[in-house]
Participant: 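Can you read through this structure? Questions will come right after.
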Amino acid sequence: MRQPVRIAVTGAAGHIGYNLLFRIASGDMLGYRQPVILQLLEITPLLNALKGVVMELDDCAFPLLSGVHATDIPEDAFAGADIVIMVGSRPRTVGMERSDLLTVNGEIFKTQGIALDKVASTHAKVLVVGNPANTNALIAASHARRLDPGNYTSMMRLDHNRALSRIAAHAGRPVNHVRKAIAWGNHSSAQFPDLYHAVVDGINANQFIHDSDWVEKEFIPGVQNRGTEILNARGASSVGSAANAAICHVRDWLLGTPEHDWVSMGIRSNGSYDIPEGVIYGFPVQCKGGQYSIVEGLEVTPFMRQRMDASYRELLWERDQVRHLMG
Ligand code: NAX
């Protein structure tokens with residue numbers, strides 16, 4: 001029997017948390033032979049709601065679920081964690097500017113970043129989902145002393161999956177015939193969803209679709225604004241697809257990306273594609289043996305450059321708003 005993997009999830013009683021935990025416990029994330037221990041963090045007023053979620057987890061009698069611990073103390077939730085999925089954050093409320101949200105949520109990621117660096121396993125892998133995800137990940141990583149700051153990532157996978165699905169629909173092919181989409185930059189409407197390197201049935205997607213009007217007027221803004229479209233339709237933000245994207249992100253990071261494909265992850269920039277160091281930016285990556293590496297050498301046209309740089313500039317602006325929270 002394998003040793004259980006300890007997975008800490010913050011915001012565990014929230015909407016995404018509720019859609020995530022059962023899938024992790026069932027084996028969707030780490031495979032159907034890997035036992036897991038869930039270490040769940042919530043704010044104190046939500047502890048009773050979290051207790052209800054734990055009861056439901058118990059009632060599933062998941063064979064792979066070796067233990068569940070619920071707490072409102074970050075150090076308890078992160079103790080010995082191998083994987084940390086940081087969902088917990090405050091939603092934007094009426095009258096709140098993006099800069100207010102950056103500061104309010106940034107405080108959470110400062111406190112929790114310090115706590116997790118103290119007590120998580122030294123090889124812990126961290127995924128930040130809570131928005132503004134890229135900058136929250138940057139704040140948490142800036143407090144890494146024991147842990148590898150390169151192991152702090154943010155979720156671009158929902159945007160990546162949205163791009164794949166849109167390309168497939170427009171090409172009239174099943175989604176598993178499409179590979180190599182990219183969500184560059186920030187998880188915001190300034191991201192750059194890129195189909196110029198994607199392939200459909202082995203043919204370049206742009207050539208396959210051959211409709212630049214659709215690409216520029218529908219595909220790119222459609223992916224950028226999909227979250228708002230869902231919010232307007234559902235009256236609530238993306239939840240099931242967001243939880244699924246978190247599962248995909250961690251699974252591919254740990255278990256590896258398929259051959260001849262890549263995924264998008266928000267990772268520390270290292271100068272690749274002329275995105276200077278100092279931000280967490282969505283790049284195409286391949287993963288093997290629990291490590292990711294940026295897919296290098298893709299062509300960047302002036303049209304792409306403009307969009308990639310705009311997303312970088314937004315991340316710089318966000319970083320300026322939260323400098324006081326960085327370690
Ligand atoms: P909910 O408001 O349903 O859940 C958030 C949970 O976090 C709540 O239960 C709250 O009590 C908890 N929380 C707040 N502060 C906390 C703290 N200091 N420690 C622990 N828990 C805390 O929101 P939900 O729909 O689950 O969304 C969660 C986050 O995901 C939001 O920030 C949202 O914007 C973000 N998203 C990010 C996406 C991405 O692609 N990166 C897509 C989906 C989603 O919009």
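Everything quoted here is computed from the prediction, not taken from an experiment.
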Participant: Closest heavy-atom contact between Ala25 and Phe62?
Facilitator: CB-CD1, 3.4 Å

Participant: Kindly state each residue pair satisfying side-chain hydrogen bond (donor to acceptor under 3.5 Å, both in side chains) with at least one member in residues 43-70, sequence neighbours excluded.
Facilitator: Tyr18-Glu56, Thr44-Asp72

Participant: In Å, rounded to the nearest 0.5 Å, how long is the span from CG of Leu21 to CD1 of Ile16?
Facilitator: 11.5 Å

Participant: Determine whether a donor-acceptor pair (N or O, by modelled atom type, separation under 3.5 Å) exists between the side chain of Gln321 and the backbone of Leu316.
Facilitator: no

Participant: Within a strict 4.5 Å, meaning less than it, do heavy atoms of the Asn161 and Ser241 side chains meet?
Facilitator: no

Participant: Do other residues, nucleotides or ligands put more than 12 heavy atoms under 6.0 Å from His260 NE2?
Facilitator: no

Participant: Linking I/L/V/M/F/W/Y whenever any side-chain heavy atoms sit under 4.5 Å apart, do Val178 and Val223 land together?
Facilitator: yes

Participant: Can Met29 and Ile7 be said to form a side-chain contact (heavy atoms from CB on, under 4.5 Å), step by step?
Facilitator: CA-CA 11 Å; Met29 191 167 82; Ile7 304 167; 3.8 Å; yes

Participant: I'd like to know if Arg226 pairs up with Glu229 as an ion pair, taking the criterion as any Lys NZ or Arg NE/NH1/NH2 lying under 4.0 Å from an Asp or Glu carboxylate oxygen.
Facilitator: yes

Participant: I want to check something: taking the side chain as every heavy atom from C-beta on, are Asn206 and Leu195 in contact at a cut-off of under 4.5 Å?
Facilitator: yes

Participant: Taking atom CZ of Arg251 and atom CZ of Arg157, what is their separation to the nearest 0.5 Å?
Facilitator: 6.0 Å

Participant: Roughly how far, to the nearest 0.5 Å, is the OG1 atom of Thr71 from the CG atom of Leu40?
Facilitator: 9.5 Å

Participant: I'd like to check Ser154 versus His187 (side-chain heavy atoms, cut-off strictly below 4.5 Å). Are they in contact?
Facilitator: no

Participant: Output every pair passing side-chain hydrogen bond (donor to acceptor under 3.5 Å, both in side chains) with a member in residues 20-30, not counting sequence neighbours, ordered by first then second residue.
Facilitator: Arg23-Asp28, Arg23-Asn244, Asp28-Tyr32

Participant: About how many Å separate CD of Glu314 and CG of Asp309, when rounded to the nearest 0.5 Å?
Facilitator: 13.0 Å

Participant: Whether the side chain of Lys125 engages the backbone of Gly290 through a donor-acceptor N/O pair (distance < 3.5 Å, no angle test) should be reported.
Facilitator: yes

Participant: Ring pair (Phe, Tyr, Trp, His ring centres under 6.0 Å): which pairs involve residues 204-239, sequence neighbours left out?
Facilitator: His170-Trp214, Trp214-Phe219

Participant: For residues 189-201, pull every pair meeting side-chain hydrogen bond (donor to acceptor under 3.5 Å, both in side chains), keeping only residues two or more places apart or in separate chains.
Facilitator: Asp159-Gln191, Arg173-Asp201, His177-Asp201, Trp184-Asp194, Asp194-His197

Participant: With side chains defined as the heavy atoms from C-beta onward, is the minimum distance between Val9 and Gln39 less than 4.5 Å?
Facilitator: no

Participant: Considering non-hydrogen atoms only, spot the tightest contact between Leu116 and Val84 and give its length.
Facilitator: CD2-CG1, 4.1 Å

Participant: Going through the checks in order, is the side-chain contact (heavy atoms from CB on, under 4.5 Å) test met by Asn105 and Asn131?
Facilitator: CA-CA 8 Å; Asn105 282 337; Asn131 276 323; 5.6 Å; no

Participant: Would you say Arg162 and Ile230 make side-chain contact, with heavy atoms under 4.5 Å?
Facilitator: yes

Participant: Using the rule that Ile, Leu, Val, Met, Phe, Trp and Tyr join whenever any side-chain heavy atoms are under 4.5 Å apart, tell me whether Ile83 and Phe109 fall into a single cluster.
Facilitator: no

Participant: Per the side-chain contact (heavy atoms from CB on, under 4.5 Å) rule, which among Asp82, Val5, Leu64, Ile247 passes with Leu30?
Facilitator: Val5

Participant: Taking CZ in Arg179 as the centre, count heavy atoms belonging to other residues, nucleotides or ligands within less than 6.0 Å. Is the count above 12?
Facilitator: yes

Participant: Have Thr153 and His249 got a donor and an acceptor in their side chains that come within less than 3.5 Å?
Facilitator: yes

Participant: To the nearest 0.5 angstrom, please state how far the CE atom of Met155 sits from the CG atom of Asn136.
Facilitator: 13.0 Å

Participant: In the structure I gave you, are the side-chain heavy atoms of Arg305 and Asp274 within less than 4.5 Å of one another anywhere?
Facilitator: yes

Participant: Any sub-3.5 Å donor-acceptor pair from Trp262's side-chain atoms to Ala181's backbone N or O?
Facilitator: yes

Participant: My understanding is that a hydrophobic cluster links ILVMFWY residues whose side chain heavy atoms are under 4.5 Å apart, including indirect links. Using that, what else belongs to the cluster containing Leu46?
Facilitator: Ile43

Participant: Treat each ILVMFWY residue as a node, draw an edge where side-chain heavy atoms are under 4.5 Å apart, and state whether Val128 and Val263 are in one component.
Facilitator: no

Participant: Would you compute the distance between atom CG of Asn186 and atom CG of Asn134 and round it to the nearest 0.5 angstrom?
Facilitator: 4.5 Å

Participant: Might you confirm whether atom CD of Glu259 has over 12 heavy atoms from other residues, nucleotides or ligands at distances under 6.0 Å?
Facilitator: no

Participant: Determine whether Leu50 and Val87 fall in the same hydrophobic cluster, where Ile, Leu, Val, Met, Phe, Trp and Tyr are linked whenever their side-chain heavy atoms lie under 4.5 Å apart.
Facilitator: yes

Participant: Working note: Ile294 + Tyr281, criterion side-chain contact (heavy atoms from CB on, under 4.5 Å); need CA distance, chi angles, decisive distance, verdict.
Facilitator: CA-CA 11 Å; Ile294 296 179; Tyr281 191 93; over 6 Å; no

Participant: In terms of hydrophobic clustering (I, L, V, M, F, W, Y; side-chain heavy atoms under 4.5 Å; direct or indirect links), are Ile220 and Leu158 co-clustered?
Facilitator: yes

Participant: Using modelled atom types and a 3.5 Å cut-off, is there a donor and acceptor pairing between side-chain atoms of Tyr152 and backbone atoms of Ile267?
Facilitator: no

Participant: Can you name the nearest heavy-atom pair linking Gly327 to Ser142, along with the distance?
Facilitator: N-OG, 2.9 Å

Participant: For residues Ile203 and Val200, determine if any side-chain heavy atom of one lies less than 4.5 Å from a side-chain heavy atom of the other.
Facilitator: no

Participant: Could you list the residues that satisfy side-chain hydrogen bond (donor to acceptor under 3.5 Å, both in side chains) with Gln306, not counting sequence neighbours?
Facilitator: none

Participant: Is the number of heavy atoms from other residues, nucleotides or ligands under 6.0 Å of Arg33 CZ greater than 12?
Facilitator: no

Participant: Would you say the side-chain atoms of Ser237 pair up with the backbone N or O of Leu231, donor to acceptor, closer than 3.5 Å?
Facilitator: no

Participant: Mind listing the closest non-hydrogen atom pair of Ile275 and Met308 along with its distance?
Facilitator: CD1-O, 4.2 Å

Participant: Measure the shortest side-chain to side-chain distance between Leu298 and Ile182 over non-hydrogen atoms and say whether it is less than 4.5 angstrom.
Facilitator: yes

Participant: If you apply the rule side-chain contact (heavy atoms from CB on, under 4.5 Å), what do you find for Val68 with Ile37, and how did you get there?
Facilitator: CA-CA 6 Å; Val68 188; Ile37 295 173; over 6 Å; no

Participant: Do you know the tightest heavy-atom contact between Ile139 and Leu325?
Facilitator: CG2-O, 3.8 Å

Participant: What's the shortest heavy-atom distance between Ser311 and Ala190, and which atoms?
Facilitator: OG-O, 2.9 Å

